[in-house]
Amino acid sequence: MQITIFGKKKTSNDGKQFMAYFSTLTKKDGSQLQCSVKFRDECGAPKNVPINIVVDHKDCNFAEKNVKYTDKDGIEKEALDRTLWVQAWAEGEPYVDTSMDEFVD
């Protein structure tokens, strides 16, 4: 299965910077789910994003859970957390950005 991985540099509460990865997965019924992507230490994470990666179903697992958190205004909220855990991957076809294709030159 080939999926496109995007990333964003983030900063933790203690000031450390890290990359957060995310993607959109397509289910067999055609519906799409946005999820975060975590890479196990043994396989490493992509250095350059966005990137298309190829994964085998046996080398991943998908977890969904409800999480409670407090927003910046101190309000307690609940959200559905979806995470794709990747244990092995290979680089796929080159990523081509088509986001501007429908706009006039």
Side-chain angles (χ1 to χ4, degrees):
M1 164 171 88
Q2 180 167 277
I3 58 175
T4 303
I5 303 293
F6 296 92
K8 181 177 180 179
K9 285 186 182 179
K10 292 191 167 192
T11 305
S12 64
N13 291 338
D14 60 0
K16 294 180 183 176
Q17 287 197 334
F18 64 97
M19 283 293 287
Y21 298 96
F22 53 95
S23 186
T24 301
L25 301 177
T26 304
K27 295 177 77 171
K28 289 181 180 180
D29 66 4
S31 62
Q32 295 187 326
L33 297 175
Q34 293 179 343
C35 65
S36 62
V37 181
K38 306 264 184 171
F39 294 90
R40 302 280 183 196
D41 289 340
E42 59 268 14
C43 72
K47 301 291 184 231
N48 298 313
V49 289
I51 186 173
N52 289 320
I53 66 169
V54 177
V55 295
D56 193 323
H57 286 200
K58 67 177 177 51
D59 294 324
C60 315
N61 67 302
F62 183 77
E64 227 176 30
K65 65 180 177 179
N66 287 318
V67 293
K68 291 182 182 181
Y69 67 97
T70 305
D71 70 7
K72 63 183 177 185
D73 298 323
I75 300 170
E76 190 170 301
K77 296 185 176 185
E78 191 171 316
L80 184 60
D81 179 45
R82 296 180 177 120
T83 304
L84 174 67
W85 289 91
V86 178
Q87 298 169 11
W89 62 277
E91 194 166 335
E93 297 174 7
Y95 174 77
V96 178
D97 185 355
T98 59
S99 64
M100 297 297 292
D101 287 357
E102 296 196 23
F103 294 95
V104 177
D105 286 336

For residues 2-9, dump all side-chain donor-acceptor pairs below 3.5 Å to protein atoms at least two apart in sequence or in another chain.
{"unit_1": "Gln2", "atom_1": "OE1", "unit_2": "Glu93", "atom_2": "N", "d": "3.1"}
{"unit_1": "Thr4", "atom_1": "OG1", "unit_2": "Asn52", "atom_2": "OD1", "d": "2.5"}

For a quick test of your reading: what N or O donor-acceptor pairs under 3.5 Å do the side chains of residues 72-80 make, sequence neighbours left out?
{"unit_1": "Lys77", "atom_1": "NZ", "unit_2": "Asp71", "atom_2": "OD2", "d": "3.4"}

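By the side-chain hydrogen bond (donor to acceptor under 3.5 Å, both in side chains) test, Ser36 pairs with Thr83, sequence neighbours left out. Annotation: side-chain hydrogen bond (donor to acceptor under 3.5 Å, both in side chains) contacts of Glu64 (sequence neighbours excluded): Arg82. With sequence neighbours left out, Ser99 forms a side-chain hydrogen bond (donor to acceptor under 3.5 Å, both in side chains) with Asp97. Contacts of Thr98 classified as side-chain contact (heavy atoms from CB on, under 4.5 Å), with partners at least two apart in sequence or in another chain: Val96, Asp101. The side-chain contact (heavy atoms from CB on, under 4.5 Å) check on Gln32 picks up Thr24, Thr26, with sequence neighbours excluded.
In this structure, OG on Ser23 lies 10.5 Å from CG on Leu33, to the nearest 0.5 angstrom. Between the CZ atom in Phe39 and the SG atom in Cys60 there is a gap of 9.0 Å [rounded to 0.5 Å]. Annotation: the span from Met1 atom CE to Ile53 atom CD1 amounts to 8.0 Å, rounded to 0.5 Å.
In the hydrophobic clustering of ILVMFWY residues, with side-chain heavy atoms under 4.5 Å counting as a link, Val86 and Phe62 come out together. No continuous path of ILVMFWY side-chain contacts below 4.5 Å connects Ile51 to Phe22, so the two sit in separate hydrophobic clusters.
Listed by first and then second residue, the salt bridge (Lys or Arg N to Asp or Glu O under 4.0 Å) pairs that reach into residues 20-48 come to none, sequence neighbours excluded. Residue pairs meeting the salt bridge (Lys or Arg N to Asp or Glu O under 4.0 Å) criterion with at least one partner in residues 48-59, sequence neighbours excluded, are absent. Among residues at least two apart or in separate chains, side-chain hydrogen bond (donor to acceptor under 3.5 Å, both in side chains) pairs with a member in residues 10-20 are Ser12-Asp14.
By the 4.5 Å side-chain criterion applied to Ile, Leu, Val, Met, Phe, Trp and Tyr, Phe18 is assigned to no cluster and stands alone. The hydrophobic side chain of Trp85 is isolated, with no ILVMFWY side chain under 4.5 Å apart from it.
Shown here is Asn66, whose CG atom has more than 12 heavy atoms of other residues, nucleotides or ligands within 6.0 Å.
When all heavy atoms of Pro46 and Trp89 are compared, the pair lying nearest together is N-CZ2, 3.7 Å.
At a threshold of 4.5 Å between non-hydrogen side-chain atoms, the residues Val49 and Tyr95 do not count as touching.
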